[in-house]
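The analysis underlying the following values was restricted to heavy atoms, covering all of them including side chains, and did not include hydrogens, waters or symmetry mates. In what follows, chains carry the letters A, B, and so on, assigned in the order in which the sequence lines appear, proteins first and then strands, with residues in each chain numbered from 1. Just so it is clear, the model here is predicted, and its values are computed rather than measured.
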Protein chains: 2
Amino acid sequence: MVTIYDVAAKASVSAMTVSRVINNTGKISDKTRAKVKRVMEELGYVPNQTARSLVLQQTKLLFLLITDIMNPFYTTLARGAEDAAKRSGYRLLFGNSDESIEKESDYVTTILTTRVDGVLVAPAGDPSLPHLESLRKHKVPFVLLDREVPGIECDIVLGDSKDGARRLVEHLVAKGHRNIAFVNGSPSVSSARLRLQGYQDGMKLSDLAYNERYVFETSFGPLSDLTEMGQWLDQLDPAPTAIVAGNNVLAVEILRLFRERGISVPEDISIVCFDDLGPYSEVEPFLTVAAQQAYQFGYMGMQMLVERIQERETALPWKKIVLPADLVIRRSVKTLS
Amino acid sequence: MVTIYDVAAKASVSAMTVSRVINNTGKISDKTRAKVKRVMEELGYVPNQTARSLVLQQTKLLFLLITDIMNPFYTTLARGAEDAAKRSGYRLLFGNSDESIEKESDYVTTILTTRVDGVLVAPAGDPSLPHLESLRKHKVPFVLLDREVPGIECDIVLGDSKDGARRLVEHLVAKGHRNIAFVNGSPSVSSARLRLQGYQDGMKLSDLAYNERYVFETSFGPLSDLTEMGQWLDQLDPAPTAIVAGNNVLAVEILRLFRERGISVPEDISIVCFDDLGPYSEVEPFLTVAAQQAYQFGYMGMQMLVERIQERETALPWKKIVLPADLVIRRSVKTLS
DNA sequence: TATAATAATGTTACCGATAACCTCAAAATA
DNA sequence: TATTTTGAGGTTATCGGTAACATTATTATA
């Protein structure tokens, strides 16, 4: 590997002079600068970021931890985060916790040993608290995405889960539905709790009784087994005419179940959910959804993170951004007489 | 930040002893080991990977460069790469070139300065050659994914593009289509060239004339503007009864165009494409595709990369893996009389 | 003309770890 | 008992940069 010393020797200057040329600091004569640049070119010198990080105590690396890399919500978010990171001169490492606290724990270790300058994290759930405390203790700035974690104060970008869920219910009610079930993520995830509240609010505002038997709680991630959900559905009496899914993945899982059983949507039952399904849904506009501004989650979160990193001294107050969810009406809901 | 020296001081041993405890090397008495571990715990010590990387001359970081993070083919691939990387004790950095040589160039710089131990790259196209030469020159091991680049010899994981395209055409022919158009990615991308060959072969084997006017070449990425494609389609006489899309993104773009124009698929025209559309396509099984084993691309590519890194000395011959594409027949093709 | 300021460059120490070599006492062997 | 081996740990140098502080000429100012 070509080092700064190799360049210095060949250009007959000190390493420091080469460093100054690279970073455009200090005073360098045009002649020397030209010579050093020429030698760097000749030798194909590339600065060693590792050495630089060690002495500067910053890596210019940021980390994005998401919970489901196959979910278009998160890839779109990642896209936003990447764009914003790049704009600020940071590079982005990323990891995928798969909604698992254990995998998240591994990534926290990676984050700590890698000495990244900051972290953008969609926490797996409330049990993520120790992980966040660990980041805080080690003074790693972080911004939460999509989910709150009780017990920690920090910058955060949230979607308006309660409002979105309420509107999904109200939409169903407006279409004549009275018997609405809810398939939700784990109650240990804040957005799941808020969506449940939104569902309850929606029912109440429509003068419909809330019946907890019509709520099924599982994980926001892909389901390995659909039988449990099938059994829950079977024992509902009367059967619901519509289902609200806590996110896009769950909606797809429900659709998969219905497909297996030969149940047609929306003819036999209606479905709505949180989060859109990526570019494909534009083309085959099927699911009615409360679409969140995924790109903005990533972009704004990253902006907050960079700001937090750069203003490390000044005790900025914690910021909280709440992004609205927009109802996109398509054709997965049947109008009841 | 707590360093190895802080731990050493508090445990009344040398830094080297602490290092030995951390890495489980050398001989350490049980008593000392216990004491050091306790102090590390008390102080919340976390090893500094940056310092370690500098002295060990390896970062235990790998890089995955893909061309479209919103494309389910690549996210699934990323998933495979991540799993394989983790299994080998590596962490994964990633970047998204957006099918752009310029963005790719930026990432190559990042790769070089970050001193990652290896790179898994889906090149933007043939003009990626200088980037790969740069990696080779700096002795960064790399494995190519999905696309060959003429002029460079290396490990590579490819899909059987020619065979897949031919089978797509043959499927259409079997369904009674004779007038088949082809929307392809840029001819500067090897897989696009092979898919064109496969299309040509398919036509020839079915005794159909190949007419280059029925081939439209654009980019594999999302299209900002559909007018050009629309104009191409308009001037085809006779109008095709079916279209083969070079990949899933292009298929979606074509569907989008048809939607704008009120053309129904498959009633008015049939469509098939390369690559599947993610989990959603299971549920709403619409597009007939030549599905590639995306996860395997990532997983096997990563395995090859790690092997290459670990056998750095021995001059392993270059390996080439060709994965088949499976025809998945759904309902975007109409049977003609 | 003597002195201070400035431009251009060099020297040294350090970031936090680890490899390689060294030391010293206790245990094993001749 | 004398010598070698082994166990347990310490010292020093190094990875490739950069901050902070010297060190020179040279130019500007008193």
Side-chain angles (χ1 to χ4, degrees), chain A residues 1-37 39-40 43-61 109-117 138-140, chain B residues 1-37 39-40 43-61 109-117 138-140:
Chain A
M1 280 291 91
V2 180
T3 75
I4 207 169
Y5 294 97
D6 300 325
V7 176
K10 186 153 183 197
S12 323
V13 295
S14 72
M16 202 56 223
T17 299
V18 178
S19 174
R20 286 183 180 116
V21 171
I22 296 167
N23 299 293
N24 258 314
T25 53
K27 313 206 178 238
I28 302 286
S29 71
D30 290 351
K31 210 180 79 187
T32 307
R33 183 188 312 279
K35 184 170 57 180
V36 169
K37 284 198 168 171
V39 172
M40 289 201 299
L43 262 35
Y45 170 75
V46 176
N48 185 326
Q49 184 61 40
T50 300
R52 208 181 243 163
S53 297
L54 183 58
V55 65
L56 294 180
Q57 300 286 59
Q58 58 159 356
T59 55
K60 280 287 173 183
L61 272 177
T109 304
T110 293
I111 286 164
L112 258 22
T113 63
T114 309
R115 297 292 198 273
V116 296
D117 295 343
H138 289 280
K139 300 197 201 311
V140 182
Chain B
M1 278 292 91
V2 180
T3 74
I4 207 169
Y5 295 98
D6 300 323
V7 176
K10 188 155 184 197
S12 319
V13 296
S14 73
M16 203 55 225
T17 299
V18 178
S19 173
R20 287 182 180 118
V21 171
I22 295 167
N23 298 294
N24 259 312
T25 52
K27 316 210 175 232
I28 302 285
S29 70
D30 291 351
K31 211 179 79 185
T32 307
R33 184 189 312 280
K35 185 170 58 179
V36 170
K37 284 198 167 170
V39 173
M40 290 199 300
L43 260 36
Y45 169 75
V46 176
N48 184 324
Q49 183 61 41
T50 299
R52 209 180 243 168
S53 297
L54 184 56
V55 64
L56 294 181
Q57 299 286 62
Q58 59 158 356
T59 54
K60 279 286 169 185
L61 274 176
T109 304
T110 295
I111 285 164
L112 258 21
T113 64
T114 309
R115 298 291 198 271
V116 296
D117 295 343
H138 289 279
K139 299 197 201 311
V140 182

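- Looking at which nucleotide of DNA chain D each of V13(B) and R115(B) is closest to, the 5′-most match is held by V13(B).
- Residues passing the salt bridge (charged side-chain N to carboxylate O under 4.0 Å, His left out) test with K10(A), sequence neighbours excluded: E42(A).
- At a threshold of 4.0 angstrom between heavy atoms, the contacts of T50(A) with the nucleic acid are absent.
- Along DNA chain C, the stretch of nucleotides lying under 4.0 Å from any heavy atom of chain B spans, 5' to 3', dG16(C) to dC21(C).
- Between the side chain of Y5(A) and the base of dG17(D) there is at least one donor-acceptor pair of N/O atoms closer than 3.5 Å.
- Spacing between atom CD of Q57(A) and atom P of dG16(D) amounts to 19 Å, rounded to whole angstrom units.
- Note on T3(A): only backbone sugar-phosphate atoms sit closer than 4.0 angstrom, heavy atoms only; bases stay farther off.
- A donor-acceptor pair is defined here as one N or O able to donate and one able to accept, closer than 3.5 Å; no such pair exists between the side chain of R33(A) and the backbone of K27(A).
- Rounded to whole angstrom, the span from the CZ atom of R33(B) across to the C1' atom of dG7(D) amounts to 13 Å.
- Five base pairs at each end of the helix from dT1(C)-dA30(D) to dA30(C)-dT1(D) define two local axes, and these are offset by 50° (rounded to 10°).
- Every residue was checked against the side chain to side chain donor-acceptor pair (under 3.5 Å) condition with T113(B), not counting sequence neighbours, and none meets it.
- T110(A) is linked by a side chain to side chain donor-acceptor pair (under 3.5 Å) to nothing, counting only residues two or more places apart in sequence or in another chain.
- For I4(A) and dC15(D), the CD1 to C1' distance is 14 Å, given to the nearest whole Å.
- Under the rule for a side chain to side chain contact (heavy atoms under 4.5 Å, CB included), V55(B) has no partner lying at least two apart in sequence or in another chain.
- Separating the NZ atom of K31(B) from the P atom of dA8(D) is a distance of 12 Å, rounded to the nearest angstrom.
- For T32(A), the side chain to side chain donor-acceptor pair (under 3.5 Å) partners at least two apart in sequence or on another chain are S29(A).
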Solution key, residues 15-22 of chain A side-chain donor-acceptor pairs under 3.5 Å, sequence neighbours excluded:
residue, atom, partner, partner atom, Å
T17(A), OG1, S14(A), OG, 3.3
S19(A), OG, N23(A), ND2, 3.4

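- Listed by chain and number, the residues in a salt bridge (charged side-chain N to carboxylate O under 4.0 Å, His left out) with K60(A) amount to none (sequence neighbours excluded).
- Counting non-hydrogen atoms under 4.0 angstrom, I22(B) reaches nothing in the nucleic acid.
- Note on Q49(A): nothing from the nucleic acid sits closer than 4.0 angstrom, heavy atoms only.
- Taking side-chain N and O atoms only, T17(B) has a distance below 4.0 Å to OP1 or OP2 of dG10(D).
- Counting only distance, with no hydrogens or angles, the side chain of T3(B) and the backbone of Y5(B) share a donor-acceptor pair below 3.5 Å.
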Evaluate the side-chain contact (heavy atoms from CB on, under 4.5 Å) criterion for residues M40(A) and V2(A): first the C-alpha distance (whole Å), next the side-chain angles of each, then the deciding distance (0.1 Å), finally the verdict. CA-CA 9 Å; M40(A) 289 201 299; V2(A) 180; over 6 Å; no

Using nucleotides 20-28 of chain D, report all nitrogen or oxygen pairs with the protein that are shorter than 3.5 Å.
none

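- Legend: salt bridge (charged side-chain N to carboxylate O under 4.0 Å, His left out) pairs involving residues 48-59 of chain B, not counting sequence neighbours: none detected.
- Each of V55(B) and L56(A) was matched to the nucleotide of DNA chain D holding its nearest heavy atom; the match closer to the 5' end belongs to V55(B).
- Looking at residues two or more places apart in sequence or on another chain, you find a side chain to side chain contact (heavy atoms under 4.5 Å, CB included) between S53(B) and T50(A), Q49(B), T59(B).
- Taking side-chain N and O atoms only, N48(A) has no distance below 4.0 Å to OP1 or OP2 of dC15(D).
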